[in-house]
2 protein chains.
Amino acid sequence: MKPIRIVLAEDQAMVLGALGALLALEADMQVVALARDGAEALAAVRTHRPEILITDIEMPGLSGLEVASALHGEKSATKAIILTTFARPGYLRRALEANAWGYLLKDKPAEELAAAVRRVHAGQRVVAPELAADAWSEHDPLTERERQVLRLAGEGHASSSIAAQLELSEGTVRNYLSEAMSKLGAGNRVEAARMARAKGWL
Amino acid sequence: MKPIRIVLAEDQAMVLGALGALLALEADMQVVALARDGAEALAAVRTHRPEILITDIEMPGLSGLEVASALHGEKSATKAIILTTFARPGYLRRALEANAWGYLLKDKPAEELAAAVRRVHAGQRVVAPELAADAWSEHDPLTERERQVLRLAGEGHASSSIAAQLELSEGTVRNYLSEAMSKLGAGNRVEAARMARAKGWL
DNA sequence: GCACCCTCGTGACTTTTGTCATGCGGTTAG
DNA sequence: CTAACCGCATGACAAAAGTCACGAGGGTGC
């Protein structure tokens, strides 16, 4: 009986180590590499060709979603499980579009991780049930420009500063923000940025 | 040789379980309880009277800092180690004021957790070195009102909404924000809120 | 080719923010 | 007691932010 070989990616070293310890306790699993960012994760998967990649989303450089996308693009046999803090419909949608096999929340009991690994290894998809319904309910109504402008606005940049960074005129920036606010039903730019972020659209 | 008895508190169940697994691997340690929020942590410490409490800061209800404070107040023999994502001087300062024995970052390698537990158990204080210098460098210049107003402003509330929630006049709210912005050197309310949050003042 | 959408821009207008001076009552430290 | 600070408020003004209408170009899809 060959063990399930796993690569783990997570940017907080202590959490990474702890999850590694958790999985190492399972007799039928073997953690073959630990990665602290998306680039390391991608490299580790390419050299070790594990059955399973478990990856966080928010990591420096490449995000976990981008890693899953890249693997899907190169037709890797490794199945990706996204493990994240955030129950954001947009994240799940992007995960499914990247052909991820699992989407798990860090909120869930620790036992569910090993269980999910086994189910995915057996060819089942595993998705946090509280999100399954939401995923396709609302799609991101924002254009790419609106997202860029919203991101900066959410960080406290003034219109003039956003305009300078994106090489737009200030009026255009205000127009994009106004559009985004009305699409999202927000009363101001900050609220709009928070709403979009909560949905996983930024 | 009696084991070091530990209570662990952390709101993300999977991380909690994983850290528990990590510490359970250490022969000289015993995890006697897991808590998912501050209230549970406090209760667990009171009933189990462990040598060590390891706690996250950001948890629903009571924060880890408030738990440490409460234990200090009731002269508990349990030594608190704060384990957090955030390298914020204000957090460390509050931890030290609450007489915490350790302040560790989740960024650090997993081995450091057990090492810190042993050092704290032996009577040493353990503080993430990159923060030691910063802790007393800048003190929070904001008044309580300014903090309240900044929190709401950072969430995207308009002055009128903040005024309604805090039962202030709108002009007063703008004055507080203006004051806070000038104290922090920020160009607008959002930037001010972000700066204060980054320092651990909110 | 035509409709449609995204991008980018202008200009004029209203509303919201941010600034500053000033004032009053309460608390606290010297 | 008094000076200093905080909390709260006003009013007036300047600067940003947000709204609306309109228009020009580029790309996509049918």
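Within every chain, numbering begins at 1; the chains are lettered A, B, ... in the order of the sequence lines, protein sequences first and strands thereafter.
For A/Arg145 and D/dG26, the CZ to P distance is 16 Å, given to the nearest whole Å. Atom CD of A/Glu144 is separated from atom C1' of C/dC6 by 12 Å (rounded to the nearest Å). As a whole-Å value, the separation of A/Glu191 CD from D/dA17 P is 17 Å. Computed from coordinates, the A/Leu184 CG to D/dT19 P distance equals 12 Å when rounded to whole Å. Between A/Gln148 atom CD and C/dC6 atom P the separation is 14 Å, expressed in whole Å. A straight line from CZ of A/Arg147 to P of C/dC6 spans 11 Å, rounded to a whole angstrom.
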Practice task
Just do the salt bridge (charged side-chain N to carboxylate O under 4.0 Å, His left out) check on B/Glu97 and B/Arg94 with the steps written out, would you?
Solution key: CA-CA 5 Å; B/Glu97 282 166 358; B/Arg94 281 193 269 163; over 6 Å; no

Exercise for the section: Using the salt bridge (charged side-chain N to carboxylate O under 4.0 Å, His left out) rule, take B/Lys106 and B/Glu10 through it: C-alpha gap first, then chi angles, then the decisive distance, then the call. Expected result: CA-CA 12 Å; B/Lys106 289 184 186 171; B/Glu10 154 72 48; 2.9 Å; yes

Practice task
Could you encode protein contacts along nucleotides 9-20 of chain C as a string, one character per nucleotide from 5' to 3', using B for base contact, S for sugar-phosphate-only contact and - for no contact, with a heavy-atom cut-off of under 4.0 Å?
Solution key: BB-B----BBBB

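If you check the side chains of B/Asn175 and B/Arg145, you find no donor sitting under 3.5 Å from an acceptor. For the 3.5 Å distance criterion, the side chains of A/Gln148 and A/Arg151 fail to qualify, holding no donor opposite an acceptor. Between the side chains of A/Arg189 and A/Ser159, at least one donor N or O lies within less than 3.5 Å of an accepting N or O.
Nearest heavy atoms, A/Ala196 versus A/Leu150: CB-CD1, 3.9 Å.
Using a 4.0 Å cut-off, no side-chain N or O of B/Thr143 falls inside it from OP1 or OP2 of D/dC5.
If you check residues 192-202 of chain A against DNA chain C, you find no residue with a heavy atom closer than 4.0 Å.
Just one residue in the list A/Val31, A/Leu34, A/Ile54, A/Leu113 forms a side-chain contact (heavy atoms from CB on, under 4.5 Å) with A/Leu19, and that residue is A/Leu113.
A salt bridge between A/Arg118 and A/Asp28 is present, with a side-chain N of the basic residue lying under 4.0 Å from a carboxylate O of the acidic one.
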